[in-house]
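In what follows, chains carry the letters A, B, and so on, assigned in the order in which the sequence lines appear, proteins first and then strands, with residues in each chain numbered from 1. Hydrogens, waters and symmetry mates are skipped; everything else that's a heavy atom, side chains included, is used.
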Protein chains: 2
Amino acid sequence: MILDPIARLRRFNRAVVREAGALDTSFMGRGRPLGAARVLHLVRPEGTDVAMIRAKLGLDSGLMSRFLRALEREHLITTETDPADRRRGIARLTPTGQAEVAAYLAIIHDQASQILTRAGSRADEVLTAMDLIATILNRDQVELRPTDPDAPEAQDCQRAYFSELEARVPHAHAQDFPLPDPDADSYRPPLGRFLIAWSDEMPVACVALKRLDASTGEVKRLWVAASARGQGLARRLMAAIEAEARAMNLRTLKLETNRVLTEAVALYRSTGWADTAPFTDIPADTWLAKAL
Amino acid sequence: MILDPIARLRRFNRAVVREAGALDTSFMGRGRPLGAARVLHLVRPEGTDVAMIRAKLGLDSGLMSRFLRALEREHLITTETDPADRRRGIARLTPTGQAEVAAYLAIIHDQASQILTRAGSRADEVLTAMDLIATILNRDQVELRPTDPDAPEAQDCQRAYFSELEARVPHAHAQDFPLPDPDADSYRPPLGRFLIAWSDEMPVACVALKRLDASTGEVKRLWVAASARGQGLARRLMAAIEAEARAMNLRTLKLETNRVLTEAVALYRSTGWADTAPFTDIPADTWLAKAL
DNA sequence: TATTTTATCTGACAGTAGTCAGATAAATTG
DNA sequence: CAATTTATCTGACTACTGTCAGATAAAATA
């Protein structure tokens with residue numbers, strides 16, 4: 001576009017802050033200060049560690065204590081001491097509290113759909129834009145965590161991976177890859193691993209490892225969301241999955257890919273992977289191996 | 001992408017609010033509450049109407065008065081009564097105040113470039129995404145204002161328009177349209193008009209009107225930024241420029257266009273424009289007229 | 001000209017966020 | 001076991017935001 005980048009960024013900031021301000025007052029719309037509402041949001045019915053909430057919100061212990069007692073007075077939560085460490089507290093949502101959280105979520109949901117309605121025919125574009133911006137802003141906080149390959153988020157990642165393959169690789173068809181994967185056990189300890197990269201609780205990339213024999217593993221399902229590319233996430237995931245493989249005492253890793261996936265192939269080759277004998281069928285046309 | 005739209009929107013909100021929060025505290029980093037800093041930002045060296053600032057920020061008159069006096073005590077502004085209406089106040093930035101505003105801007109600038117740096121190779125994509133989101137959020141506040149055709153923003157719009165033409169219309173070359181336009185007088189009262197659509201002080205669309213003879217005008221330079229499409233802005237601009245033409249006592253409007261600009265042509269035809277005899281050269285291939 | 005409206009100022013007050021110091025009780029460490 | 005650390009609680013305090021009522025002076029209106 002036409003303007004100074006800084007001016008564009010400031011305009012964006014103003015627009016978003018105005019919207020977020022409206023969100024704040026709506027929090028107060030339920031007769032509770034923002035701070036207490038934020039705490040309430042993090043308490044789960046099955047119980048949440050008080051210290052964890054405090055860390056997450058960066059609250060002073062005194063303020064936290066006051067919020068908790070205010071919520072308790074409203075019968076929205078109950079607190080007890082952690083039996084394992086009786087200095088620590090555990091907060092639990094009461095049924096009333098659950099209803100209150102649901103009411104907040106309904107408000108948020110309404111406001112969100114209002115924004116999407118305002119975007120009209122461009123809602124998809126707007127969401128893609130939001131993903132990109134959120135991913136950039138969260139960039140330093142992306143966390144890799146092992147996940148069950150049948151977890152809904154893992155399936156989401158794989159679905160996105162398959163449809164990307166279908167779009168780019170000749171003779172690859174998403175329907176050849178059923179979900180949940182009948183082979184999921186192979187990606188689950190002790191046979192394998194499934195890693196997801198999380199950006200603020202949203203999965204943005206994944207990779208899987210599968211044991212082939214006592215000393216050999218196969219790397220599969222390396223996928224990075226379009227919004228999260230250009231941050232070295234694939235490299236980070238590959239390093240992490242190689243570390244997992246070493247921890248499993250594997251000495252060789254293999255993978256199959258297709259030369260049209262140029263970024264992926266370039267990444268592999270630049271990190272010590274070399275051609276090896278084909279060990280699978282089409283749509284693969286490139287087979288690589290790496291000694292650990 | 002893969003997740004529930006609402007979840008994506010909430011993640012976006014969290015990411016941006018966290019960032020904006022950091023921006024807020026930096027405002028306080030200069031030892032002044034956010035409210036006063038916001039007021040300071042709106043005061044111009046040549047003097048600003050106090051009531052206008054108050055309306056823009058939605059402040060209570062009492063609070064506003066206190067902010068102004070606090071800023072005055074710091075010698076950042078001076079205030080006087082409006083000679084034309086001695087109930088009203090006018091605030092002026094002192095040189096000290098100008099330096100202070102510059103210091104704020106430097107901080108903002110730093111933070112903005114930090115974000116762009118974080119975006120790395122995707123900075124352009126991020127800015128485009130921000131434009132889109134800001135435009136959607138500001139959607140209801142787009143304002144049409146007549147502008148001088150030589151104003152920098154008008155030139156920005158025209159530059160964007162020409163490069164769009166060059167990209168889409170065969171035989172159109174941006175270098176055939178010098179800026180500032182030697183013909184600018186034609187788009188300036190009393191001969192013509194140049195309208196810009198502003199979204200939070202950023203130009204997002206424009207249109208020009210040029211008198212051909214006592215009763216005929218020509219509409220030119222209809223342009224809408226990519227980020228602002230799909231909101232009916234072109235239609236709004238056309239309606240406004242037709243109103244301007246009527247106010248100038250014109251009875252017929254003409255325009256030239258090219259059939260590859262399908263959205264534009266469709267808009268014209270759906271609002272009463274009909275084919276007319278060619279009155280210009282290539283790259284035009286479609287000539288339309290409308291009786292007012 | 002009398003009345004009403006408008007723009008601002010002033011003082012009083014309340015709610016929220018946040019900090020700090022000290023107290024308490026339960027782990028952890030030496 | 002004594003000393004230290006950790007998690008929480010409590011009370012005191014400050015700063016910022018925001019609201020309300022009343023005062024004042026200058027337009028605008030009847």
Sequence neighbours excluded, which residues qualify as salt bridge (charged side-chain N to carboxylate O under 4.0 Å, His left out) partners of B:Glu72?
-> none

side-chain hydrogen bond (donor to acceptor under 3.5 Å, both in side chains) filter on B:Asp150, not counting sequence neighbours, yields B:Arg188

Have a look at the helix from C:dT1-D:dA30 to C:dG30-D:dC1 and give the angle its two end axes make, five pairs each, rounded to 10 degrees.
-> 10°

State whether a side-chain donor-acceptor pair under 3.5 Å links B:Ser199 with A:Arg11.
-> yes

Please list, by residue number, the residues of residues 50-57 of chain A whose heavy atoms come closer than 4.0 Å to an atom of DNA chain D; answer none if no residue qualifies.
-> A:Val50, A:Ala51, A:Arg54

Using the test side-chain contact (heavy atoms from CB on, under 4.5 Å), find all partners of B:Thr81 that sit at least two apart in sequence or belong to another chain.
-> B:Arg86

Residues forming a salt bridge (charged side-chain N to carboxylate O under 4.0 Å, His left out) with A:Arg87, sequence neighbours excluded | A:Asp85

For B:Ser65, what residues pass the side-chain contact (heavy atoms from CB on, under 4.5 Å) criterion, not counting sequence neighbours?
-> B:Arg69

Is any NZ, NE, NH1 or NH2 atom of the basic residue among A:Glu46 and A:Arg92 found under 4.0 Å from an Asp or Glu carboxylate oxygen of the other?
-> no

Polar pairs (N or O, both sides) under 3.5 Å between protein and nucleotides 23-27 of chain C?
from	atom 1	to	atom 2	distance (Å)
C:dA27	OP1	A:Arg86	N	2.9

May I ask you to decide whether B:Arg145 forms a salt bridge with B:Glu201, counting only side-chain N to carboxylate O separations under 4.0 Å?
-> yes

Side-chain donor-acceptor pair present, A:Arg8, B:Ser227, cut-off under 3.5 Å = no

Contacts of A:Arg235 meeting salt bridge (charged side-chain N to carboxylate O under 4.0 Å, His left out) (sequence neighbours excluded), chain-then-number -> none

Mind running a 4.0 Å heavy-atom check of residues 59-80 of chain A against DNA chain D and sending the residues that fall below it, in number order?
-> A:Ser61, A:Gly62, A:Ser65, A:Arg66, A:Arg69

Under the side-chain contact (heavy atoms from CB on, under 4.5 Å) rule, collect the residues that match up with A:Leu93, sequence neighbours excluded.
-> A:Leu40, A:Val43, A:Pro45, A:Ile77, A:Gln98, A:Val101

Using the ring-ring contact (aromatic ring centres under 6.0 Å, His included) rule, collect all pairs that involve residues 33-56 of chain A, keeping only residues at least two apart or in two chains.
-> A:Phe27-A:His41, A:His41-A:Tyr104

